[in-house]
Amino acid sequence: MHRVTRTLTVVQHVLFLVLAAVCVTRSWTTGAPRLPLLAAAAALLIWYAVGLRLVGHPAAAAVGEDAPASGDRVPSAGERHLGGRWWLVGLVGLWFVLVLVSAENVWLAFSLWLLIPHFLPLRPAIALGVVVLAVVIWRPWAATGELTVAEALGPAIGALFAFALSRGQHQLVRDAVERQRLVDSLVRAQEESAALHDELATAQREAGVLQERGRLSRDIHDTLAQGFSSIVLLARGRDVVRGEAELRDVLARIEETASTNLAEARNVVSALAPQSLSDNGLAQALGRLLDTLTRETGIRGELRVEGEPLALPTVREVALLRTAQGALANVRSHSRASRVVVTLSGGDDRVLLEVVDDGQGFDPSAVAPPGSSFSHGGYGLPSTRARLQELGGGLEIESAPGDGTALSAHLPTGTTR
(Lines give C-alpha, C1' and ligand atoms only; values in the text may rest on other atoms or scores of the structure.)
Protein backbone atom coordinates (compact mmCIF):
# COMPACT_ATOMS: atom_id res chain seq x y z
CA MET A 1 0.00 0.00 0.00
CA HIS A 2 2.91 2.37 0.62
CA ARG A 3 4.17 1.65 -2.88
CA VAL A 4 0.74 2.10 -4.48
CA THR A 5 0.12 5.35 -2.62
CA ARG A 6 3.50 6.70 -3.59
CA THR A 7 2.87 5.81 -7.24
CA LEU A 8 -0.57 7.45 -7.27
CA THR A 9 0.86 10.56 -5.64
CA VAL A 10 3.60 10.83 -8.26
CA VAL A 11 1.02 10.32 -11.04
CA GLN A 12 -1.12 13.16 -9.65
CA HIS A 13 1.90 15.48 -9.43
CA VAL A 14 2.92 14.65 -13.00
CA LEU A 15 -0.66 15.14 -14.19
CA PHE A 16 -0.84 18.54 -12.54
CA LEU A 17 2.44 19.64 -14.14
CA VAL A 18 1.42 18.31 -17.56
CA LEU A 19 -1.95 20.03 -17.44
CA ALA A 20 -0.32 23.24 -16.23
CA ALA A 21 2.16 23.10 -19.13
CA VAL A 22 -0.61 22.40 -21.67
CA CYS A 23 -2.79 25.19 -20.33
CA VAL A 24 0.01 27.76 -20.28
CA THR A 25 1.12 26.73 -23.77
CA ARG A 26 -2.38 27.04 -25.21
CA SER A 27 -2.92 30.32 -23.42
CA TRP A 28 0.40 31.60 -24.80
CA THR A 29 -0.50 30.60 -28.36
CA THR A 30 -4.00 32.06 -28.20
CA GLY A 31 -2.78 35.55 -27.38
CA ALA A 32 -3.29 35.72 -23.61
CA PRO A 33 -1.44 38.53 -21.81
CA ARG A 34 2.07 37.21 -21.39
CA LEU A 35 3.16 38.86 -18.13
CA PRO A 36 -0.03 38.14 -16.16
CA LEU A 37 -0.03 34.59 -17.55
CA LEU A 38 3.54 33.88 -16.48
CA ALA A 39 3.07 35.53 -13.08
CA ALA A 40 -0.14 33.65 -12.29
CA ALA A 41 1.30 30.34 -13.54
CA ALA A 42 4.50 30.79 -11.53
CA ALA A 43 2.53 31.69 -8.38
CA LEU A 44 0.32 28.63 -8.87
CA LEU A 45 3.26 26.23 -9.32
CA ILE A 46 5.20 27.71 -6.38
CA TRP A 47 2.12 27.52 -4.17
CA TYR A 48 1.55 23.92 -5.23
CA ALA A 49 5.15 22.86 -4.58
CA VAL A 50 5.60 24.71 -1.30
CA GLY A 51 2.20 23.66 0.01
CA LEU A 52 2.70 19.97 -0.66
CA ARG A 53 6.15 20.18 0.89
CA LEU A 54 4.69 21.57 4.09
CA VAL A 55 1.42 19.62 4.45
CA GLY A 56 2.26 16.48 2.43
CA HIS A 57 -0.04 14.67 0.06
CA PRO A 58 -3.10 13.48 2.01
CA ALA A 59 -3.15 10.01 0.47
CA ALA A 60 0.46 9.48 1.51
CA ALA A 61 -0.14 11.00 4.93
CA ALA A 62 -2.90 8.46 5.53
CA VAL A 63 -0.29 5.67 5.57
CA GLY A 64 2.36 7.67 7.40
CA GLU A 65 4.34 9.17 4.49
CA ASP A 66 5.28 12.79 3.98
CA ALA A 67 3.46 13.80 7.14
CA PRO A 68 4.27 13.99 10.85
CA ALA A 69 3.78 10.72 12.70
CA SER A 70 0.57 10.64 14.69
CA GLY A 71 0.86 7.31 16.52
CA ASP A 72 -1.39 4.36 15.91
CA ARG A 73 -4.67 6.27 15.69
CA VAL A 74 -5.86 7.40 12.27
CA PRO A 75 -6.85 11.06 12.77
CA SER A 76 -9.87 12.58 11.11
CA ALA A 77 -9.63 14.56 7.87
CA GLY A 78 -9.94 17.83 9.78
CA GLU A 79 -7.11 16.90 12.14
CA ARG A 80 -4.80 15.79 9.35
CA HIS A 81 -5.47 18.56 6.86
CA LEU A 82 -6.31 21.73 8.72
CA GLY A 83 -3.35 23.48 7.10
CA GLY A 84 -3.96 21.60 3.86
CA ARG A 85 -7.47 23.03 3.58
CA TRP A 86 -6.16 26.57 3.51
CA TRP A 87 -3.54 25.51 1.01
CA LEU A 88 -6.25 23.99 -1.19
CA VAL A 89 -8.37 27.15 -0.98
CA GLY A 90 -5.32 29.21 -1.99
CA LEU A 91 -4.60 26.82 -4.87
CA VAL A 92 -8.19 27.14 -6.15
CA GLY A 93 -7.93 30.92 -5.81
CA LEU A 94 -4.70 31.10 -7.83
CA TRP A 95 -6.23 28.80 -10.45
CA PHE A 96 -9.23 31.13 -10.68
CA VAL A 97 -6.86 34.06 -11.31
CA LEU A 98 -5.15 31.99 -14.00
CA VAL A 99 -8.53 31.19 -15.55
CA LEU A 100 -9.38 34.88 -15.62
CA VAL A 101 -6.17 35.50 -17.58
CA SER A 102 -7.12 32.79 -20.13
CA ALA A 103 -10.05 30.42 -20.52
CA GLU A 104 -7.61 27.71 -21.67
CA ASN A 105 -6.53 27.20 -18.07
CA VAL A 106 -9.83 25.58 -17.08
CA TRP A 107 -8.27 22.19 -17.88
CA LEU A 108 -6.34 22.34 -14.60
CA ALA A 109 -9.65 21.79 -12.87
CA PHE A 110 -9.27 18.03 -13.36
CA SER A 111 -6.26 17.98 -10.99
CA LEU A 112 -8.17 20.13 -8.53
CA TRP A 113 -11.06 17.67 -8.51
CA LEU A 114 -8.56 14.89 -7.73
CA LEU A 115 -7.14 16.87 -4.79
CA ILE A 116 -10.33 18.27 -3.24
CA PRO A 117 -11.71 14.97 -1.79
CA HIS A 118 -8.37 14.26 -0.11
CA PHE A 119 -8.35 17.46 1.93
CA LEU A 120 -12.03 18.06 2.68
CA PRO A 121 -14.87 16.03 4.17
CA LEU A 122 -17.53 14.84 1.75
CA ARG A 123 -20.01 17.73 1.83
CA PRO A 124 -17.48 20.59 1.72
CA ALA A 125 -15.62 18.68 -0.99
CA ILE A 126 -18.78 18.39 -3.09
CA ALA A 127 -19.53 22.10 -2.61
CA LEU A 128 -16.04 23.19 -3.66
CA GLY A 129 -16.09 20.72 -6.57
CA VAL A 130 -19.38 22.26 -7.79
CA VAL A 131 -17.84 25.76 -7.53
CA VAL A 132 -14.86 24.66 -9.64
CA LEU A 133 -17.24 23.04 -12.14
CA ALA A 134 -19.25 26.24 -12.35
CA VAL A 135 -16.08 28.21 -13.13
CA VAL A 136 -15.08 25.65 -15.78
CA ILE A 137 -18.48 26.01 -17.48
CA TRP A 138 -18.76 29.79 -17.02
CA ARG A 139 -15.33 30.88 -18.27
CA PRO A 140 -15.59 29.58 -21.89
CA TRP A 141 -19.16 30.87 -22.05
CA ALA A 142 -18.00 34.29 -20.86
CA ALA A 143 -15.16 34.28 -23.42
CA THR A 144 -17.21 33.19 -26.46
CA GLY A 145 -20.77 34.06 -25.51
CA GLU A 146 -21.87 30.56 -26.44
CA LEU A 147 -22.41 27.38 -24.40
CA THR A 148 -23.06 24.00 -25.94
CA VAL A 149 -24.32 20.85 -24.25
CA ALA A 150 -20.94 19.23 -24.71
CA GLU A 151 -19.19 22.18 -23.07
CA ALA A 152 -21.39 21.72 -19.99
CA LEU A 153 -21.76 17.94 -19.93
CA GLY A 154 -18.09 17.12 -20.58
CA PRO A 155 -16.70 18.99 -17.56
CA ALA A 156 -19.49 17.59 -15.38
CA ILE A 157 -18.61 14.02 -16.37
CA GLY A 158 -14.90 14.74 -15.84
CA ALA A 159 -15.64 16.20 -12.41
CA LEU A 160 -17.67 13.17 -11.37
CA PHE A 161 -14.99 10.78 -12.63
CA ALA A 162 -12.13 12.62 -10.92
CA PHE A 163 -14.13 13.03 -7.71
CA ALA A 164 -15.10 9.33 -7.60
CA LEU A 165 -11.54 8.24 -8.41
CA SER A 166 -10.10 10.40 -5.66
CA ARG A 167 -12.65 9.29 -3.05
CA GLY A 168 -12.10 5.65 -3.96
CA GLN A 169 -8.35 6.02 -3.63
CA HIS A 170 -8.72 7.77 -0.30
CA GLN A 171 -11.08 5.09 1.05
CA LEU A 172 -8.82 2.26 -0.12
CA VAL A 173 -5.89 3.84 1.69
CA ARG A 174 -7.89 4.26 4.89
CA ASP A 175 -9.14 0.65 4.70
CA ALA A 176 -5.58 -0.57 4.21
CA VAL A 177 -4.42 1.44 7.21
CA GLU A 178 -7.22 -0.01 9.33
CA ARG A 179 -6.40 -3.56 8.23
CA GLN A 180 -2.75 -3.00 9.04
CA ARG A 181 -3.72 -1.71 12.47
CA LEU A 182 -5.81 -4.81 13.08
CA VAL A 183 -2.94 -7.04 11.97
CA ASP A 184 -0.53 -5.21 14.28
CA SER A 185 -3.00 -5.53 17.13
CA LEU A 186 -3.35 -9.26 16.45
CA VAL A 187 0.43 -9.69 16.39
CA ARG A 188 0.76 -7.85 19.70
CA ALA A 189 -2.01 -9.99 21.20
CA GLN A 190 -0.23 -13.14 20.01
CA GLU A 191 3.03 -11.95 21.51
CA GLU A 192 1.30 -11.19 24.82
CA SER A 193 -0.37 -14.61 24.73
CA ALA A 194 2.99 -16.27 24.09
CA ALA A 195 4.53 -14.34 26.99
CA LEU A 196 1.66 -15.36 29.30
CA HIS A 197 2.01 -18.97 28.14
CA ASP A 198 5.71 -18.89 28.96
CA GLU A 199 4.97 -17.44 32.40
CA LEU A 200 2.33 -20.11 33.02
CA ALA A 201 4.71 -22.85 31.91
CA THR A 202 7.38 -21.46 34.23
CA ALA A 203 4.93 -21.35 37.14
CA GLN A 204 3.83 -24.92 36.41
CA ARG A 205 7.42 -26.10 36.31
CA GLU A 206 8.14 -24.39 39.62
CA ALA A 207 5.00 -25.94 41.15
CA GLY A 208 6.07 -29.33 39.81
CA VAL A 209 9.53 -28.89 41.31
CA LEU A 210 8.05 -27.99 44.70
CA GLN A 211 5.64 -30.93 44.56
CA GLU A 212 8.44 -33.31 43.61
CA ARG A 213 10.60 -31.99 46.43
CA GLY A 214 7.77 -32.65 48.86
CA ARG A 215 7.31 -36.16 47.49
CA LEU A 216 11.02 -36.92 47.75
CA SER A 217 11.20 -35.57 51.28
CA ARG A 218 8.33 -37.85 52.31
CA ASP A 219 9.87 -40.83 50.55
CA ILE A 220 13.22 -40.22 52.22
CA HIS A 221 11.53 -39.86 55.59
CA ASP A 222 9.48 -43.03 55.16
CA THR A 223 12.39 -45.12 53.89
CA LEU A 224 15.89 -43.90 54.67
CA ALA A 225 15.13 -42.02 57.87
CA GLN A 226 13.04 -44.84 59.28
CA GLY A 227 15.69 -47.38 58.24
CA PHE A 228 18.42 -45.39 59.95
CA SER A 229 16.18 -45.18 63.02
CA SER A 230 15.91 -48.98 63.03
CA ILE A 231 19.67 -49.34 62.67
CA VAL A 232 20.20 -46.94 65.59
CA LEU A 233 17.79 -48.90 67.77
CA LEU A 234 19.48 -52.18 66.90
CA ALA A 235 22.89 -50.70 67.59
CA ARG A 236 21.74 -49.38 70.97
CA GLY A 237 20.72 -52.93 71.87
CA ARG A 238 24.36 -54.00 71.99
CA ASP A 239 24.39 -53.29 75.74
CA VAL A 240 22.07 -56.23 76.42
CA VAL A 241 23.72 -58.64 74.00
CA ARG A 242 24.97 -61.80 75.65
CA GLY A 243 27.49 -63.81 73.80
CA GLU A 244 28.85 -63.86 70.32
CA ALA A 245 25.81 -65.54 68.80
CA GLU A 246 23.44 -62.73 69.82
CA LEU A 247 25.98 -60.15 68.62
CA ARG A 248 26.13 -61.81 65.23
CA ASP A 249 22.31 -61.80 65.13
CA VAL A 250 22.20 -58.06 65.86
CA LEU A 251 24.83 -57.35 63.23
CA ALA A 252 22.95 -59.46 60.70
CA ARG A 253 19.75 -57.52 61.33
CA ILE A 254 21.66 -54.24 61.02
CA GLU A 255 23.12 -55.44 57.74
CA GLU A 256 19.69 -56.55 56.47
CA THR A 257 18.08 -53.24 57.41
CA ALA A 258 20.90 -51.26 55.81
CA SER A 259 20.67 -53.35 52.62
CA THR A 260 16.92 -52.88 52.41
CA ASN A 261 17.22 -49.11 52.81
CA LEU A 262 20.05 -48.99 50.28
CA ALA A 263 17.67 -50.60 47.77
CA GLU A 264 14.95 -48.13 48.70
CA ALA A 265 17.39 -45.23 48.28
CA ARG A 266 18.24 -46.41 44.79
CA ASN A 267 14.54 -46.66 43.98
CA VAL A 268 13.92 -43.11 45.19
CA VAL A 269 16.80 -41.76 43.18
CA SER A 270 15.73 -43.55 40.02
CA ALA A 271 12.02 -42.72 40.58
CA LEU A 272 11.07 -46.40 40.55
CA ALA A 273 8.39 -48.13 42.52
CA PRO A 274 9.48 -49.48 45.92
CA GLN A 275 11.33 -52.79 45.74
CA SER A 276 8.81 -54.32 48.10
CA LEU A 277 5.99 -53.63 45.65
CA SER A 278 7.70 -54.95 42.57
CA ASP A 279 7.45 -58.58 43.67
CA ASN A 280 3.87 -59.58 44.51
CA GLY A 281 1.92 -56.44 45.28
CA LEU A 282 0.85 -54.35 48.26
CA ALA A 283 -0.46 -57.14 50.52
CA GLN A 284 2.77 -59.15 50.30
CA ALA A 285 4.82 -56.00 50.90
CA LEU A 286 2.81 -55.25 54.05
CA GLY A 287 3.34 -58.82 55.21
CA ARG A 288 7.10 -58.49 54.81
CA LEU A 289 7.05 -55.23 56.79
CA LEU A 290 5.26 -56.97 59.67
CA ASP A 291 7.60 -59.96 59.54
CA THR A 292 10.60 -57.65 59.76
CA LEU A 293 9.02 -55.72 62.64
CA THR A 294 8.33 -58.93 64.57
CA ARG A 295 11.77 -60.35 63.93
CA GLU A 296 13.59 -57.19 64.98
CA THR A 297 11.46 -55.99 67.89
CA GLY A 298 9.37 -58.93 69.11
CA ILE A 299 6.14 -57.01 68.48
CA ARG A 300 3.58 -59.48 67.13
CA GLY A 301 2.29 -58.35 63.77
CA GLU A 302 -0.88 -59.52 62.02
CA LEU A 303 -2.01 -58.72 58.46
CA ARG A 304 -5.66 -58.91 57.47
CA VAL A 305 -6.77 -58.56 53.85
CA GLU A 306 -10.52 -58.17 53.44
CA GLY A 307 -12.42 -58.41 50.20
CA GLU A 308 -11.18 -59.26 46.73
CA PRO A 309 -7.52 -58.69 45.78
CA LEU A 310 -7.03 -55.06 44.83
CA ALA A 311 -5.45 -53.93 41.57
CA LEU A 312 -4.39 -50.38 42.42
CA PRO A 313 -2.40 -47.91 40.34
CA THR A 314 1.25 -47.98 41.33
CA VAL A 315 1.21 -44.46 42.72
CA ARG A 316 -1.58 -45.41 45.17
CA GLU A 317 0.14 -48.61 46.21
CA VAL A 318 3.28 -46.60 46.91
CA ALA A 319 1.32 -44.09 49.00
CA LEU A 320 -0.29 -46.83 51.10
CA LEU A 321 3.00 -48.67 51.55
CA ARG A 322 4.72 -45.47 52.68
CA THR A 323 1.85 -44.87 55.11
CA ALA A 324 2.27 -48.36 56.58
CA GLN A 325 6.05 -47.94 56.78
CA GLY A 326 5.69 -44.67 58.66
CA ALA A 327 3.03 -46.06 61.01
CA LEU A 328 5.05 -49.21 61.83
CA ALA A 329 8.16 -47.11 62.36
CA ASN A 330 6.23 -45.12 64.97
CA VAL A 331 5.03 -48.34 66.56
CA ARG A 332 8.63 -49.56 66.72
CA SER A 333 10.06 -46.31 68.11
CA HIS A 334 7.37 -44.87 70.37
CA SER A 335 4.42 -47.13 71.11
CA ARG A 336 5.88 -49.79 73.44
CA ALA A 337 3.22 -52.04 71.95
CA SER A 338 3.15 -55.83 72.09
CA ARG A 339 0.81 -56.34 69.11
CA VAL A 340 -0.07 -54.48 65.92
CA VAL A 341 -2.74 -55.35 63.34
CA VAL A 342 -2.63 -54.06 59.77
CA THR A 343 -5.89 -54.33 57.80
CA LEU A 344 -6.15 -53.77 54.05
CA SER A 345 -9.67 -53.63 52.63
CA GLY A 346 -11.31 -52.18 49.59
CA GLY A 347 -14.61 -51.53 47.91
CA ASP A 348 -15.64 -50.46 44.43
CA ASP A 349 -14.15 -47.02 44.61
CA ARG A 350 -12.01 -46.74 47.77
CA VAL A 351 -9.27 -48.66 49.55
CA LEU A 352 -8.72 -48.53 53.29
CA LEU A 353 -5.55 -49.22 55.28
CA GLU A 354 -5.74 -49.46 59.08
CA VAL A 355 -2.86 -49.86 61.53
CA VAL A 356 -3.92 -50.54 65.13
CA ASP A 357 -1.58 -51.18 68.06
CA ASP A 358 -2.04 -51.78 71.78
CA GLY A 359 0.71 -49.41 72.85
CA GLN A 360 0.86 -46.47 75.18
CA GLY A 361 -0.92 -44.06 72.79
CA PHE A 362 -0.43 -40.31 72.51
CA ASP A 363 -2.25 -37.03 72.02
CA PRO A 364 -2.71 -36.55 68.22
CA SER A 365 -3.31 -32.79 68.58
CA ALA A 366 0.19 -32.37 70.01
CA VAL A 367 1.94 -33.90 66.98
CA ALA A 368 3.65 -31.38 64.70
CA PRO A 369 1.54 -28.32 65.57
CA PRO A 370 1.42 -25.50 62.98
CA GLY A 371 4.70 -23.64 62.71
CA SER A 372 6.73 -26.41 64.30
CA SER A 373 10.05 -27.55 62.88
CA PHE A 374 10.63 -31.07 61.59
CA SER A 375 14.35 -30.93 62.29
CA HIS A 376 14.10 -33.31 65.21
CA GLY A 377 11.17 -35.49 64.15
CA GLY A 378 7.42 -35.09 63.95
CA TYR A 379 7.42 -35.00 60.17
CA GLY A 380 5.94 -38.42 59.44
CA LEU A 381 2.22 -37.94 60.13
CA PRO A 382 1.85 -34.51 58.45
CA SER A 383 3.79 -35.68 55.41
CA THR A 384 1.73 -38.88 55.20
CA ARG A 385 -1.49 -36.89 55.36
CA ALA A 386 -0.21 -34.54 52.62
CA ARG A 387 0.76 -37.46 50.40
CA LEU A 388 -2.70 -39.02 50.71
CA GLN A 389 -4.52 -35.73 50.16
CA GLU A 390 -2.61 -35.18 46.94
CA LEU A 391 -4.19 -38.40 45.65
CA GLY A 392 -7.69 -37.54 46.84
CA GLY A 393 -7.55 -39.47 50.09
CA GLY A 394 -7.09 -38.73 53.75
CA LEU A 395 -5.72 -39.82 57.11
CA GLU A 396 -7.47 -40.18 60.48
CA ILE A 397 -5.82 -40.97 63.81
CA GLU A 398 -7.53 -42.12 66.98
CA SER A 399 -5.37 -42.30 70.08
CA ALA A 400 -5.12 -41.28 73.70
CA PRO A 401 -2.40 -41.68 76.30
CA GLY A 402 -2.50 -45.26 77.64
CA ASP A 403 -5.16 -46.39 75.12
CA GLY A 404 -3.25 -47.52 72.02
CA THR A 405 -3.39 -45.97 68.53
CA ALA A 406 -5.55 -46.56 65.44
CA LEU A 407 -4.42 -45.05 62.15
CA SER A 408 -6.78 -45.13 59.16
CA ALA A 409 -5.74 -44.12 55.63
CA HIS A 410 -8.08 -44.15 52.63
CA LEU A 411 -7.62 -43.53 48.91
CA PRO A 412 -9.78 -43.72 45.79
CA THR A 413 -8.91 -46.84 43.84
CA GLY A 414 -8.34 -45.04 40.52
CA THR A 415 -8.53 -46.67 37.13
CA THR A 416 -5.12 -46.16 35.46
CA ARG A 417 -1.59 -47.13 36.15
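Residue T384 holds its OG1 atom at 10.0 Å from CD of Q325, rounded to the nearest 0.5 Å. Distance NE2/H197 to CD/Q204: 7.5 Å, rounded to 0.5 Å. Atoms CG and NE2, from D349 and H410 in turn, are 11.5 Å apart once rounded to the nearest 0.5 Å. Here the OG1-CZ distance, from T323 to R385, works out to 10.5 Å after rounding to the nearest 0.5 Å. Here L133 contributes atom CG and L160 contributes atom CG; the two are 8.0 Å apart, rounded to the nearest 0.5 Å. Here the straight-line distance linking atom CD of Q284 with atom CG of L303 works out to 9.0 Å at 0.5 Å rounding.
The two residues G393 and P412 come nearest to each other via the heavy atoms N-CD, 4.0 Å. Closest of all the heavy-atom pairs between L411 and R316 is CD1-O, 3.8 Å. Contact detail for L328 and L289: the closest heavy-atom pair is CD1-CB, 3.8 Å. When all heavy atoms of W113 and G129 are compared, the closest pair comes out as NE1-O, 3.2 Å. Scanning all heavy atoms of the two residues, the minimum distance from L108 to C23 falls at N-SG, 3.8 Å. The two residues L100 and R139 have their closest heavy-atom pair at O-NH2, 3.1 Å.
In E398, the CD atom is not crowded: 12 or fewer heavy atoms of neighbouring residues, nucleotides or ligands sit closer than 6.0 Å. More than 12 non-hydrogen atoms from other residues, nucleotides or ligands lie less than 6.0 angstrom from CZ of R295.
V351 places none of its side-chain heavy atoms less than 4.5 Å from the side chain of E317. At least one side-chain heavy atom of R339 sits under 4.5 Å from a side-chain heavy atom of V341. No side-chain heavy atom of L114 sits less than 4.5 Å from a side-chain heavy atom of F16. Under the 4.5 Å side-chain criterion, counting only non-hydrogen atoms from C-beta, V50 is not in contact with W87. Looking at heavy atoms from C-beta onward, L353 lies in side-chain contact with L286 at the 4.5 angstrom threshold. When side chains are defined from C-beta on, N330 does not count as touching F362, because their heavy atoms never get closer than 4.5 Å. Under the 4.5 Å side-chain criterion, counting only non-hydrogen atoms from C-beta, V131 is not in contact with F96. Taking 4.5 Å as the limit, every side-chain heavy atom of D357 sits out of range of all side-chain heavy atoms of I299.
Between V99 and the options V132, V106, V136, a side chain to side chain contact (heavy atoms under 4.5 Å, CB included) holds for only V106.
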For this session: Test L94 against Y48 for side-chain contact (heavy atoms from CB on, under 4.5 Å), laying out the working first.
Result: CA-CA 10 Å; L94 291 173; Y48 183 85; over 6 Å; no
Exercise. Could you walk me through whether R188 and E191 pass the salt bridge (charged side-chain N to carboxylate O under 4.0 Å, His left out) check?
Worked result: CA-CA 5 Å; R188 288 195 297 270; E191 293 175 348; over 6 Å; no
For this session: Would you sort out whether L112 and L128 count as a side-chain contact (heavy atoms from CB on, under 4.5 Å), showing the intermediate values?
Result: CA-CA 10 Å; L112 296 180; L128 185 57; over 6 Å; no
Exercise. Please walk me through it: do L17 and L45 pass side-chain contact (heavy atoms from CB on, under 4.5 Å)?
Worked result: CA-CA 8 Å; L17 294 176; L45 293 175; 4.0 Å; yes
Problem set entry | Derivation and outcome, side-chain contact (heavy atoms from CB on, under 4.5 Å), residues L352 and L344 | CA-CA 6 Å; L352 178 66; L344 180 64; over 6 Å; no
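At distances below 3.5 Å, not a single donor-acceptor pair connects side-chain atoms of S193 with backbone N or O atoms of A189. Looking at T292, its side chain does come within 3.5 Å of a backbone N or O of R288 through a donor-acceptor pair. Checked by atom type and distance alone, the side chain of Q360 pairs as donor or acceptor with a backbone atom of H334 at under 3.5 Å. In this structure, the side chain of S399 does not engage the main chain of D363 through any donor-acceptor pair within 3.5 Å.
Look at R304 and E306 and you find no salt bridge, because none of the NZ, NE, NH1 or NH2 atoms lies under 4.0 Å from a carboxylate O. With respect to the salt-bridge test (charged N to carboxylate O, under 4.0 angstrom), the residues R387 and E390 do not qualify.
Applying the salt bridge (Lys or Arg N to Asp or Glu O under 4.0 Å) test to residues at least two apart or on different chains, the pairs with a partner in residues 86-104 are R26-E104.
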